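Heads up, the thing below is written out as structure tokens.
Throughout, protein chains are lettered first and strands after them, A, B, ... in sequence-line order, and every chain is numbered starting at 1. Everything numeric in this text was worked out from a predicted model, so none of it was measured.
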Number of protein chains: 2
Amino acid sequence: MLFRYGRRVELRHLRYFATVGEVLNFTKAAQKLRVAQPALSRQIRDLEEELGVQLLERGVRATKLSEAGAVFLVEARAVLERADKAVKAVRDVALGERVEIHVGYAPSLTIELLPCALHSFHNIAPSVHVKLHDLSSEEMLRGMGEGKFSLCLVARPEKESMRGLKFELLQEYPICVGVPSDHRLAQAKSVKLAQITAEPLVAYSRTEYPEYHAMLKELFASTGSELRIAEEHDSAPSLIAAARIGRGFIIGPACLGMLAGARLKFRPLTPAPPPVQVGALFDPARLSDGVAKFLAAVRSSAGK
Amino acid sequence: MLFRYGRRVELRHLRYFATVGEVLNFTKAAQKLRVAQPALSRQIRDLEEELGVQLLERGVRATKLSEAGAVFLVEARAVLERADKAVKAVRDVALGERVEIHVGYAPSLTIELLPCALHSFHNIAPSVHVKLHDLSSEEMLRGMGEGKFSLCLVARPEKESMRGLKFELLQEYPICVGVPSDHRLAQAKSVKLAQITAEPLVAYSRTEYPEYHAMLKELFASTGSELRIAEEHDSAPSLIAAARIGRGFIIGPACLGMLAGARLKFRPLTPAPPPVQVGALFDPARLSDGVAKFLAAVRSSAGK
DNA sequence: GGCGACCATACCTGAAAAGCATCGCTATGC
DNA sequence: GCATAGCGATGCTTTTCAGGTATGGTCGCC
């Protein structure tokens, strides 16, 4: 890496470049920005130098974006927009009601809970916008740690990853086996673990859903038989798609059945292992007013 | 609005604040940033003034984040991260191969097409990352105009909104009626429009999917009967959920049936109206190498 | 060939960011 | 109770650099 004398990119550079990129004329852009044209030229040159990339092609009688420039124009606008949002967000918080709360959720586990909760929350606090983030368990824990989310609806995480967060149980789903509808096990009322150990499994990805793998390991520990995972997937739909085309069975909560449609059947395992616990994860130390209301809405939707 | 003497927020302010917010100690943060402590103090004060918000509570012996400060810390980090991404993106473009292409898609219309296309594209150009953006028709057209996306997989947009873009047809789906499985129409092989005019509909939202509403209007124009829309939704899953609980029928492409599962049946309309056309939308003027390859992959997946 | 549109260069000025020394506060230790 | 150490704020100077003015070069066009 070259040693960089250059100073850092600032929002000013991006504002200037965005304007030049739009009107494709330094003189006009300078007027629009209320600065002198040479000042603008220099800032753009500095930016190009700092990036090490030529953004504009100054042909005589016409200024054009280079290919890189076209890309950077989009990027620069996005950064500026993001920055405006940040400023607006903090001013809103300071002015009183926070208008947005960020909620992470596990889509497959909350298809029952989430719609009800959103509906009832909208009645309690119609002015608060809920921003939903569809994430893996792992991303949610990370995001909670960084303060990105105020609350997450997830399966109970493992104790050691909680780090001061609180988990409040809301719903439980029995563990089931998902099999193709035309398989003989689809007829059974329930399935014994021993009946499926011969079959490979399709599973959630280990890195993104560690608690899911802990559950599987626990489950198979007692049987003595080997846990064979044919494929790992990072979302319920693709897991279901894989099971449909016969890559393996699914072991997972009963609610997956609601996503799966007709071609898979979910049958409870016997003896029933501990059910999957779905609940709210939040930081009790910084529970703002809006988040507390959301939590109340979720509780009432779960009938607790 | 108050007149602001203050100067604008710059990335420097955010970098400084992010560091202070992390270590919660001006002196240490200043060392980390390689500036003198008073310089840092002043920048933070300027930032607070410009925002009109107190971000830090300077208790003696301990600096703490205010509530607004906690929010802004997350926001500031996000802006910085976004800015880094922008810089990295443009340098990557300049260095040769663009490593990312941005593709917008209509999730419900591309459940067949998209997985195949991604798979085949990965074989052609494994080094190119495809960033997928799940969007409404309206958002895609806007994003294409701004250059945010290189290509979109969508239903054919209305002519007047194309503005120099090209639409290439890839797949067609017949228009169907989605009814609850226990409804008598679910038994029918096909459904006449006259059979359902008594029933209300659940539909995609008008603002986000104008071409869908154009299609409905067209469809009902010939019948003389009134188009009754009970609810508008902004995504296929919530549309399907609404139909499941009996809010109304769905009129839409056959591929919705693959998302709906067992509790809804999709039956073709007779006489068959013009099918829904799914295809690729792109700007032929700036078709980079990577995007051209992606387009080829999509074509071959659609068997064209 | 003169003019006008357009951007670059050279140089100057002023604002503000950074540095340095110092102050004020308070918790802590003897 | 006094000295001390940790922390941030304040006042002042220095340095940096964004912005301004004047001007020059290039090219297309009348």
Tell me whether A:S66 contacts the main-chain N or O of A:L55 through its side chain, where contact means a donor paired with an acceptor under 3.5 Å.
yes
Is the closest side-chain donor-acceptor distance between B:S136 and B:E139 under 3.5 Å?
yes
So, B:Q43 and B:H13: side-chain donor and acceptor under 3.5 Å apart, yes or no?
yes
Are B:S137 and B:E211 close enough that a side-chain donor and a side-chain acceptor fall under 3.5 Å?
yes
A:Q31 and A:T27 side chains, donor-acceptor separation under 3.5 Å:
no
Integer-rounded Å distance: C:dT9 P and A:R45 CZ
6 Å
What is the distance, to the nearest angstrom, from the CG atom on A:L47 to the C1' atom on D:dC17?
16 Å
Check the orientation of B:F72 and B:F17. Use parallel for under 30°, tilted for 30 to 60°, and perpendicular for over 60°.
tilted
Measure the distance from CD on A:E57 to P on C:dC7 and round it to the nearest whole Å.
14 Å
Gap between atoms CZ and P, on A:R15 and D:dG19 respectively (whole Å)
10 Å
Counting only side-chain nitrogens and oxygens, does B:R58 get under 4.0 Å of the OP1 or OP2 atom of D:dC7?
no
Quick one: pull up CG in B:L153 and CE in B:M140 and give me the separation to the nearest 0.5 Å.
8.0 Å
Is the B:Y105 to B:H133 ring centre distance short of 6.0 Å?
no
Each nucleotide N or O in nucleotides 14-19 of chain C that has a protein N or O under 3.5 Å away: list the pair and distance.
from	atom 1	to	atom 2	distance (Å)
C:dA16	OP1	B:R7	NE	3.4
C:dA17	OP1	B:R7	NH1	2.9
C:dA17	OP1	B:R7	NH2	3.1
C:dA17	OP2	B:Q43	NE2	3.3
C:dA17	OP2	B:D46	OD2	3.3
C:dA17	O5'	B:Q43	NE2	3.2
C:dA18	OP1	B:Y16	OH	2.8
C:dG19	OP2	B:A36	N	2.7

A:E50 has an atom CD; how far is it from atom C1' of D:dA18, in whole Å?
16 Å
If the threshold is 4.0 Å, N to carboxylate O, is there a salt bridge linking A:K85 and A:E100?
no
Spacing of B:Q37 atom CD relative to C:dT22 atom C1', expressed in whole Å:
11 Å
Report yes if at least one side-chain N or O of B:S41 is closer than 4.0 Å to OP1 or OP2 of D:dA9; otherwise report no.
yes
CD1 of A:I44 versus P of D:dG19: gap in Å, rounded?
11 Å
Atom pairs, N/O to N/O, protein against nucleotides 4-6 of chain C, distance under 3.5 Å?
from	atom 1	to	atom 2	distance (Å)
C:dC6	OP1	A:N25	ND2	3.4

